[in-house]
There are 4 protein chains.
Amino acid sequence: MKPRRPKLFSGATGAGVPVGSPPSARGAKAAARRGAILDAALAEFSARGFAAARLDDVARRAGVAKGTIYLHFKDKEALFQELIRSQLSPVVGSFESVLASDLPLAMIVDQAIEVFVRDIYGTHRKQVIRLIITEGPRFPALAEFYYREVLARILKAVRARLTRALERGEIADDALIRFPQLLGAGAVVAIIWHGLFERFEPLDVRAMIRVYFDRLVLGVGGAA
Amino acid sequence: MKPRRPKLFSGATGAGVPVGSPPSARGAKAAARRGAILDAALAEFSARGFAAARLDDVARRAGVAKGTIYLHFKDKEALFQELIRSQLSPVVGSFESVLASDLPLAMIVDQAIEVFVRDIYGTHRKQVIRLIITEGPRFPALAEFYYREVLARILKAVRARLTRALERGEIADDALIRFPQLLGAGAVVAIIWHGLFERFEPLDVRAMIRVYFDRLVLGVGGAA
Amino acid sequence: MKPRRPKLFSGATGAGVPVGSPPSARGAKAAARRGAILDAALAEFSARGFAAARLDDVARRAGVAKGTIYLHFKDKEALFQELIRSQLSPVVGSFESVLASDLPLAMIVDQAIEVFVRDIYGTHRKQVIRLIITEGPRFPALAEFYYREVLARILKAVRARLTRALERGEIADDALIRFPQLLGAGAVVAIIWHGLFERFEPLDVRAMIRVYFDRLVLGVGGAA
Amino acid sequence: MKPRRPKLFSGATGAGVPVGSPPSARGAKAAARRGAILDAALAEFSARGFAAARLDDVARRAGVAKGTIYLHFKDKEALFQELIRSQLSPVVGSFESVLASDLPLAMIVDQAIEVFVRDIYGTHRKQVIRLIITEGPRFPALAEFYYREVLARILKAVRARLTRALERGEIADDALIRFPQLLGAGAVVAIIWHGLFERFEPLDVRAMIRVYFDRLVLGVGGAA
DNA sequence: GATGAATGAGGGTTCATTCAT
DNA sequence: TATGAATGAACCCTCATTCAT
């Protein structure tokens, strides 16, 4: 049986109408443009990197004039940061709710794999993560935002769930509680491999992630 | 007892005198400058990324004039690519020799950990790896070079050793033979964490990597 | 009586509004700027030569920013080539129509002299011709354009008219049909003399050209 | 019968040992290098123009180091000017002696044609003349030198001979005395045509110059 | 003298940002 | 609000010139 999969994203890019904004014709059009710009920005920043991406190309891809970008974003850097932020905020709650459940660890792992493969690796969201990895060092504010609003919260939920698992005897030691970062390593490698080496050697991401969690979390396989 | 550690690098920057070049005063100075430029370039490219790095800054940091860079490198891109290549080529052989040994798997893991922590994570070489990750997509030739000359060879050696391990019963299944990429995941996460989140939450890299390999390769820990 | 003079140019710089473009305010301004840039470019290229001319100076002289040049021309070379082409294309038809007429040869000579003195030598067009002479060897495409679109067509018209003249007995032999290039020699010398030696020894260009054609075409004067 | 042809140049480039310099081994070598540099400079300046020519290429072509050029010439401009001057000085005397002769005008024309075709058009000296035409406006000192030391003297000799011819009835009027510049027009056109259009339409230079002088000076051919 | 590595000013070109329409 | 032409600072790269060897 397929594990239940929490629906993370609505399908559209996350840059839609701000929550609560009035659905007036004018506001809707503005929000649509803003979304188009963010989509285009993601494509261009992913393809070229922040520094090398040209706002000219973003505008052309979004179907707006160059000046229009500045009606929605203060400057190139603000566009970039809002792009990242708008894409990531929705993720946290979903992960938190998955981890808060009292399902057996194995099923949580199933769910996490499914979420990663379908809602992150299978979408442009993997490019957002890649952008954080590649551009983070040049955007301390962004790294901090990501750490505080995303990572820290997810890691906290992970640690909480693992602590319960340890107490219940689901896991044997506190190693992953001390290094919860490792839980993301498989995903990170998948994303990086995709960007760099897919054309040389394709990767069955789902199978790899499965192996990864089996070993790391569930203790399946390994030494004889 | 400390595991024997293969000496990977000589300590000097990898950009020293070309092997076999005569140690003439002229040649030595030229090589020193070339090395200084490469060192400075690594620092600037790491700090700003390829596109945003200024050759002016590279020159100033290297203590040479801007034009001098062009005596040693055709252009900015050539400087970047030679920087990466010069740093990586020496690595492969070392890893291959480690993996070729017939020591027990646990000792090989010990050695690999030591090599990573001391010779990669503890040096500027981790920045080289970070640059491949961040700039690779924009430099297909570089990604290809890295894949062919580094990754593919290391992965081949890994697979060979793991196949022997499987035959000998040192490991229980072929999962890591199918996904040897996972063996680098801990290192990748360590390098990325360092660049992005070290200031928020420091990481005991050696301990983390230890946990990582214990779980992934040796099957130590995990589910109860 | 003054010979009729075909009006060659409108007086404005040749780089005005493209034929047929709508006279919108936007388009008119753009065309005006393009024209100003071409005028400035002609001045700077004439004064310094293509290689030594600075686009900074062109921009300053045109009253625009340096970047504006690149809105109208791909690069310095395109600016140069379009400058030449835009100035020359109108000339051909005029010369062809002059030569197509059935007026006596003497009157055609009168007209040609007038056209050269007033519409070429008396305008910045002489600088364009000078630029072709000086820069042509470094711009094969330009030399070819000039040959095909200007010279070859004019020479063809000249040969046709001279052939008729020979048939009618207006001229005694086919020498100039074989070497119609000579018909431009007086003009070329006038232009070169102007650029190099005018300050040492001024030249009455009209009188010189008059002597030149009298001798060369009409057979007036010469040996006793 | 072939007209006697005054031997204008020794065959070697004019940049040889300065007249009167001692033929010491050292001096001979220095002079040889100086000559090699001047030859190379002529080739490079002709191919690219003064501004675009690179001293690096001059040095390579001359087989010397870049710094060596500065042992012989103050800077690039001095190299250029001395190049032109060294090539032109020998010409004047020859032309003067030709014109001073009391041979019939037709024979002087024969000689002049021969000298031009063989000693100027047939050698790299035509490139020197081309360089004066193309670079003269940017080098007032050079234009002045050329005017004073070459042109003015030749024109003076021409006028003197033509004045005698007029007195003797060899020519019918003073037109060419007033515009002796025209006498060079055929040569100028030949040189320019060669540089720009030879590949499209080759030119029989000797025949053209012959027609030219026949018409202009001797009054042969023309109107019926 | 001869060399050629080193210098650094200069200039072509790009592109984020502004603003008149 | 939207546009896109215009701006000009910034940066890569070249090359004439210098100077230590």
Side-chain angles (χ1 to χ4, degrees), chain A residues 26-27 29-30 33 50-60 63-79, chain B residues 24-27 29-30 33-34 37 51-60 62-79, chain C residues 24-27 29-30 33-34 37 51-60 62-79, chain D residues 26-27 29-30 33 50-60 63-79:
Chain A
R26 173 170 296 244
K29 198 146 128 196
R33 294 203 150 202
F50 173 79
R54 283 169 297 180
L55 291 191
D56 238 337
D57 292 336
V58 172
R60 181 163 31 250
V64 301
K66 215 181 346 175
T68 304
I69 295 174
Y70 287 85
L71 298 177
H72 294 274
F73 305 94
K74 183 176 151 289
D75 57 17
K76 191 187 186 187
E77 190 169 327
L79 168 60
Chain B
S24 69
R26 179 63 63 101
K29 199 141 111 192
R33 295 208 144 198
R34 195 185 146 92
I37 291 168
R54 284 168 296 183
L55 290 190
D56 238 339
D57 291 336
V58 172
R60 184 166 25 253
V64 302
K66 214 181 346 176
T68 303
I69 294 174
Y70 291 86
L71 297 177
H72 295 275
F73 305 95
K74 186 179 148 289
D75 56 17
K76 194 187 184 186
E77 190 168 326
L79 169 60
Chain C
S24 69
R26 178 65 62 101
K29 199 143 108 191
R33 296 209 146 198
R34 195 185 146 91
I37 291 167
R54 283 168 296 184
L55 291 190
D56 239 338
D57 292 336
V58 172
R60 183 165 26 253
V64 301
K66 213 178 352 169
T68 303
I69 295 173
Y70 289 86
L71 296 177
H72 295 275
F73 305 95
K74 185 180 147 289
D75 56 17
K76 192 187 185 186
E77 190 169 327
L79 168 60
Chain D
R26 173 168 298 243
K29 197 145 129 196
R33 296 203 147 201
F50 174 78
R54 283 169 298 181
L55 291 190
D56 238 337
D57 292 335
V58 172
R60 183 165 28 253
V64 302
K66 214 183 343 176
T68 303
I69 294 174
Y70 288 85
L71 298 176
H72 294 274
F73 305 94
K74 182 177 151 287
D75 56 19
K76 192 187 185 186
E77 190 169 328
L79 168 60

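To find a chain, count down the sequence lines: A is the first, B the second, and so on, and within it residues start at 1.
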**Request:** Any chance you could measure Leu79(C), atom CG, to His72(C), atom NE2, to the nearest 0.5 Å?
**Result:** 11.0 Å

**Item:** Interatomic distance where NZ belongs to Lys29(B) and C1' belongs to dT7(E) [whole Å]
**Value:** 14 Å

**Asked** If you round to the nearest 0.5 Å, how far is OH of Tyr70(D) from NZ of Lys66(D)?
**Response** 8.0 Å

**Request:** Report the distance from atom CG of Asp56(D) to atom C1' of dT7(E), rounded to the nearest whole Å.
**Result:** 14 Å

**Asked** Which residues satisfy the side chain to side chain contact (heavy atoms under 4.5 Å, CB included) test with Ala53(B), sequence neighbours excluded?
**Response** Glu44(B), Phe45(B), Arg48(B)

**Asked** Got a sec, which residues hit side chain to side chain contact (heavy atoms under 4.5 Å, CB included) with Ala65(B), two or more places apart in sequence or on another chain?
**Response** Thr68(B)

**Asked** What pattern of brackets, bars and dots sums up DNA chain E from 5' to 3', given Watson-Crick or G-U wobble pairs under 3.5 Å, [ ] for crossing pairs and | for another strand?
**Response** .||||||||||||||||||||

**Prompt:** Taking only side-chain nitrogens and oxygens of Arg33(B), does any of them come within less than 4.0 Å of OP1 or OP2 of dT7(E)?
**Reply:** yes

**Message:** Please give me every residue in residues 67-79 of chain C whose heavy atoms get under 4.0 Å of an atom in DNA chain E, ordered by residue number.
**Reply:** Tyr70(C), Asp75(C), Lys76(C)

**Asked** Looking for any heavy atom pair under 4.0 Å, which part of the strands does Ala53(D) touch: base, sugar-phosphate only, or nothing?
**Response** sugar-phosphate

**Message:** Just the rounded figure in Å: distance from P of dG4(E) to CG of Asp57(D).
**Reply:** 15 Å

**Item:** Interatomic distance, Leu55(B) CG vs dC13(F) P [rounded to whole Å]
**Value:** 6 Å

**Prompt:** Nearest-Å distance, CZ (Arg54(A)) to P (dT13(E))?
**Reply:** 16 Å

**Request:** Assign each of Lys66(C) and Val64(B) to its nearest nucleotide of DNA chain E by heavy atoms, then name whichever residue's nucleotide is nearer the 5' end.
**Result:** Val64(B)

**Request:** Considering non-hydrogen atoms only, spot the tightest contact between Ile37(C) and Val58(C) and give its length.
**Result:** O-CG1, 3.9 Å

**Request:** Output every pair passing salt bridge (charged side-chain N to carboxylate O under 4.0 Å, His left out) with a member in residues 67-76 of chain C, not counting sequence neighbours, ordered by first then second residue.
**Result:** none

**Request:** Find the distance Arg60(A):CZ to dA16(E):P and express it as a whole number of Å.
**Result:** 12 Å

**Prompt:** Which residues satisfy the side-chain hydrogen bond (donor to acceptor under 3.5 Å, both in side chains) test with Asp56(B), sequence neighbours excluded?
**Reply:** none

